[in-house]
Every structure is written in C-alpha cells, then in structure tokens.
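Notes to accompany the following structure.
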Amino acid sequence: MIKYILNTENYTKENLVKLLQANLQERELIFEKSSSIKEEHIANKVYLRALIEFSNHCEKDCLYCGIRKSNSSPKRYTIPQEEIYKTIDIAIAKGYSSIVIQAGECKEPEFIEAIDNALIYAKDQSGGKLGITLSLGEQEKSTYKRWFDLGGHRYLLRIESSNKQLFETIHPRNENHSFETRLQKLKELKEIGYQVGTGVMIGLPNQTLEDLAGDLLFMKEFDIDMCGMGPYIVSPDTPLAKLAHKIPSEESRVDLSLKMIALLRLLMKDINIASTTALQTLTDRAREEGIKVGANIIMPNLTAVDFKDSYKLYNKKTDLKSHDDTLSAIEEQMTRVGHKVEIGNWGDSIHFQRKTTN
Ligand code: 5AD
C-alpha cells in the first residue's frame with residue numbers, strides 16, 4: 001500500500017494518513033523517495049540561519065509556550081541594542097550568510113524601532129550581504145512592510161495547527177489569539193513580497209493523524225516557501241502541560257516529525273524546510289535525520305548564553321552545547337549524512353524564486 005501510494009504520488013488526505021502510519025520498515029520507503037526528490041530538486045546542500053533570540057517578552061498567552069505572558073518563571077529580557085549589534089558582528093565574522101531575528105510578540109513602538117535598527121545595522125555592516133529572516137509574530141501590515149523595506153526578506157509565522165478547532169484548544173479563546181487573524185497575517189506577508197514560512201507542532205494533545213495530513217495539505221494549498229515544524233515538547237508551568245498524558249511518546253513524536261518533513265518534501269519539492277531545534281532536543285542526532293529525509297535548513301543558536309537560558313519555549317532537556325553549534329561541528333554532522341553546508345550563499349527558497357520569475 002505504502003509503495004503504491006508513493007508510486008502513484010496520489011497524496012490525498014487519506015493516503016497521507018496511511019503514510020504517517022507507516023511502520024519503521026515501511027517508512028524507509030518514504031525516506032528514500034523524499035531524499036532522492038530533495039537531491040534532484042535542490043541538491044544535498046544545507047543552508048544556515050544564525051538564530052538571535054532578541055527578546056522573550058510576549059503579549060500572547062499560548063497555552064503551550066514557556067514564554068507566554070502569564071508565565072512568571074522566565075526572567076524577561078530584551079537584548080540591548082549594543083549587544084544585538086555585537087551578535088550581528090559575530091554572525092558576519094563567523095561567515096553566516098543569513099540570520100533569523102526571533103522574539104516573543106510585541107507591538108510597542110520601541111520594539112518595532114529596535115528591529116528597524118537591527119535591520120539597518122545588519123544590512124550596513126554586511127554591505128547588504130546578510131540575509132535576514134524575521135520571526136516576530138503577528139504585526140500590523142504596515143510594520144511588516146516597513147521591515148521588508150529595511151531588508152527583511154523572509155518571515156516565519158507558524159499556523160501551529162491548520163485545524164481551527166485544534167488551534168483553539170491550544171490558545172486562549174480571545175481576540176488576541178485568533179485563527180483567522182493568523183491566516184490573514186500570513187496572507188499579508190505574502191502580499192508584501194516576503195518569502196513566507198509557516199509550520200506546525202507535531203504530537204499535540206488531541207491531535208490526530210488527519211490533522212497532520214491536513215497541515216501538509218494546508219501548506220501545499222497556501223503555497224508556502226519555507227517551513228519550520230517540529231515535535232511538541234511539554235513546557236512546565238504552562239496550561240497545556242496538564243494534558244501531557246495525552247500526547248504520543250517522545251519516540252513517536254520524533255517519528256512523526258521526520259515523516260512530516262519527508263512528506264512535505266514529497267508535496268513541495270523545492271521549498272526550504274528546517275530541521276528544527278525541537279527535534280534535536282528530543283533525540284540526539286535527530287537534526288541530522290531531519291536533513292537526511294528532506295530538510296535543508298539548520299538554525300544554529302547564536303544568542304549569548306546569558307539570554308539563551310531565559311528563552312525557553314519548552315523544556316530543553318539536552319540544551320545544545322554551544323560548541324555543537326559551531327560551523328565546523330555542523331559541517332562535520334552534515335558530512336556524515338552526505339550533505340554539504342553552503343557558506344556565503346543565502347539559500348533562498350528556490351520555490352519562491354521560481355514563482356517570482358515566472
Ligand atoms: N513545544 C514545541 N514547540 C513550541 N513552540 C512554542 N512552544 C513550544 C513547545 N512547547 C514553537 C511554536 C512557535 C515557535 C517559535 O516555537 O511553534 O511558533
């Protein structure tokens with residue numbers, strides 16, 4: 001059955017569910033196909049995005065997230081301007097060709113201005129060479145436009161779950177957490193001209209395989225350029241942690257995450273897909289596995305240690321040691337799985353390039 005679906009490439013929701021159910025032996029067939037599609041369409045190359053976790057202040061109260069507004073555990077920080085500049089300098093000096101600026105959601109004018117300044121600095125310091133991805137939540141369209149004009153060209157905004165009902169069980173039911181707004185914001189980002197990335201959490205309480213299959217079809221339908229998705233990891237001191245008994249085992253969440261990456265590669269042959277930190281957090285080497293089965297982006301964390309410890313979206317059991325994230329360590333890991341790390345190349349979504357030149 002698995003073979004038949006893969007041969008006919010008939011990726012209906014029903015068939016995607018069957019592929020998600022594949023056992024350890026059967027899943028190898030999926031992985032073989034997704035790896036060869038990747039090699040054929042975008043080559044065995046890995047692009048890096050140095051991640052800067054700019055601030056953990058957040059106006060949102062997502063029920064799963066460790067930096068949600070109501071959680072009093074994390075020490076709140078915003079990296080001072082000078083420190084941000086220093087981190088950008090480090091990214092450039094280390095040879096990263098792209099950075100990701102990520103933060104909790106904040107719409108204060110000071111925050112928006114701080115991002116303006118970081119964009120201006122990054123572009124100036126690198127002579128326009130540094131690629132910039134933003135991951136700063138839902139903002140006014142005018143803010144998205146302003147950051148785009150200043151040089152941000154990719155934006156990550158996860159839908160978290162494309163099933164409205166499930167979305168609503170993992171967010172508070174109020175105006176500040178609306179499924180429709182999230183969709184609207186994704187549309188606005190696209191209209192402005194960003195390469196748009198989205199993604200979901202995998203293994204949420206009450207999430208079904210149909211939901212995950214629906215997520216894959218949603219991403220195809222929305223015609224995304226990039227994706228970052230990974231396992232849900234229980235974050236203590238969050239409301240969703242009470243449902244921890246309802247989620248699949250760590251092993252199953254990793255299995256499902258790898259299958260989701262592989263299946264998305266089957267559906268969208270030339271987009272950028274990240275092998276996420278959450279994946280690595282659950283199983284050592286899972287990041288390499290993610291690359292092997294279809295992902296092509298890694299986001300090494302460049303946030304200074306003093307701040308990194310407070311940016312806990314979930315319980316990082318095996319917090320990445322900083323040396324693991326050096327370029328040479330990543331190059332070594334990637335060579336082990338037959339991939340080459342591309343330095344000095346933005347590695348923009350080929351899917352996006354094709355769309356915009358056609
Ligand atoms: N487990 C896994 N991923 C999480 N995120 C937030 N909290 C968790 C968690 N407990 C993810 C969300 C968000 C991204 C920045 O981090 O998908 O969009």
Side-chain angles (χ1 to χ4, degrees), residues 49 51-71 73-74 100-106 133-139 154-163 166-167 169-172 177 179 181-183 185-186 189 196-207 211-212 215 218-219 224 226-244 246-248 250 252-254 256-257 260-261 273-283 286-287 290 297 299 301 303 308 310-320:
R49 316 279 186 240
L51 176 66
I52 305 174
E53 292 156 338
F54 173 59
S55 166
N56 68 352
H57 287 278
C58 194
E59 289 170 11
K60 283 223 160 35
D61 228 354
C62 308
L63 304 180
Y64 46 84
C65 185
I67 64 166
R68 65 196 296 267
K69 189 179 180 183
S70 302
N71 191 356
S73 321
V100 180
I101 304 179
Q102 188 174 81
E105 198 171 294
C106 181
T133 308
L134 299 175
S135 175
L136 304 165
E138 294 172 358
Q139 301 284 346
R154 314 182 190 107
Y155 204 103
L156 297 171
L157 182 63
R158 289 188 178 180
I159 187 79
E160 313 298 356
S161 169
S162 65
N163 175 343
L166 183 59
F167 181 99
T169 67
I170 60 169
H171 295 99
H177 300 81
F179 182 75
T181 305
R182 185 63 53 94
L183 281 180
K185 292 294 149 192
L186 283 167
L189 289 163
V196 179
T198 193
V200 296
M201 282 179 289
I202 298 158
L204 288 162
N206 299 316
Q207 188 181 44
D211 290 332
L212 291 173
D215 290 337
F218 166 81
M219 291 190 258
I224 57 164
M226 322 181 289
C227 175
M229 58 183 168
Y232 164 63
I233 301 172
V234 176
S235 178
D237 307 319
T238 58
L240 213 63
K242 293 193 189 74
L243 297 181
K246 290 190 104 174
I247 61 172
E250 284 190 0
S252 313
R253 275 176 284 147
V254 172
L256 280 175
S257 300
M260 285 290 282
I261 291 176
I273 305 178
S275 192
T276 57
T277 319
L279 196 53
Q280 178 87 346
T281 301
L282 285 191
T283 315
R287 183 160 75 174
I297 302 282
M299 293 162 58
N301 198 328
T303 316
K308 195 151 92 178
S310 304
Y311 199 87
K312 281 197 176 152
L313 304 179
Y314 41 77
N315 205 9
K316 291 184 190 171
K317 266 198 336 195
T318 53
D319 203 357
L320 298 175

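Atom set for the values below is all heavy atoms of this structure, side chains included, hydrogens, waters and symmetry mates excluded. Counting starts at 1 for both ligands and their atoms, in listed order.
Inspection of the Asn71 and Ser73 side chains reveals an N or O donor paired with an N or O acceptor under 3.5 Å. With hydrogens and angles left out, the side-chain atoms of Tyr232 and Gln207 include no donor and acceptor closer than 3.5 Å.
Residue Pro231 places a heavy atom less than 4.0 Å from ligand 1.
Inclusion of Tyr64 in the set of residues having an N or O under 3.5 Å from an N or O of ligand 1 is warranted. Taking distance alone, with nitrogen or oxygen atoms compared against 3.5 Å, Gly66 stays at or beyond that limit from ligand 1. Considering backbone and side-chain atoms together, Ser235 places no N or O closer than 3.5 Å to any N or O of ligand 1.
Of the inter-residue distances, the one linking Asp215 atom CG with Ser161 atom OG reads 5.0 Å to the nearest 0.5 angstrom. Residue Leu157 holds its CG atom at 8.0 Å from CD of Glu105, rounded to the nearest 0.5 Å.
For Lys60, the NZ atom is densely surrounded, since the number of other residues' heavy atoms within 6.0 Å is greater than 12.
When hydrogens are left out, the protein atom nearest atom 1 (N) of ligand 1 is Ile233 N, 3.0 Å; that is the closest non-hydrogen contact. Protein heavy atom closest to atom 16 (O) of ligand 1, with residue, atom name and distance, is Leu313 CD1, 3.3 Å. In this structure, atom 5 (N) of ligand 1 lies nearest to the protein heavy atom Met201 SD, 3.9 Å. Among all protein heavy atoms, the one lying closest to atom 12 (C) of ligand 1 is Glu160 OE1, 3.4 Å.
With hydrogens and angles ignored, the 3.5 Å screen pairs a side-chain donor or acceptor of Arg253 with a backbone N or O of Pro248.
Of the candidates Lys185, Arg158, Arg182, Arg182 is the only one forming a salt bridge (Lys or Arg N to Asp or Glu O under 4.0 Å) with Glu138.
Between the choices Glu53, Arg158, Met229, the shortest heavy-atom distance to atom 11 (C) of ligand 1 belongs to Arg158.
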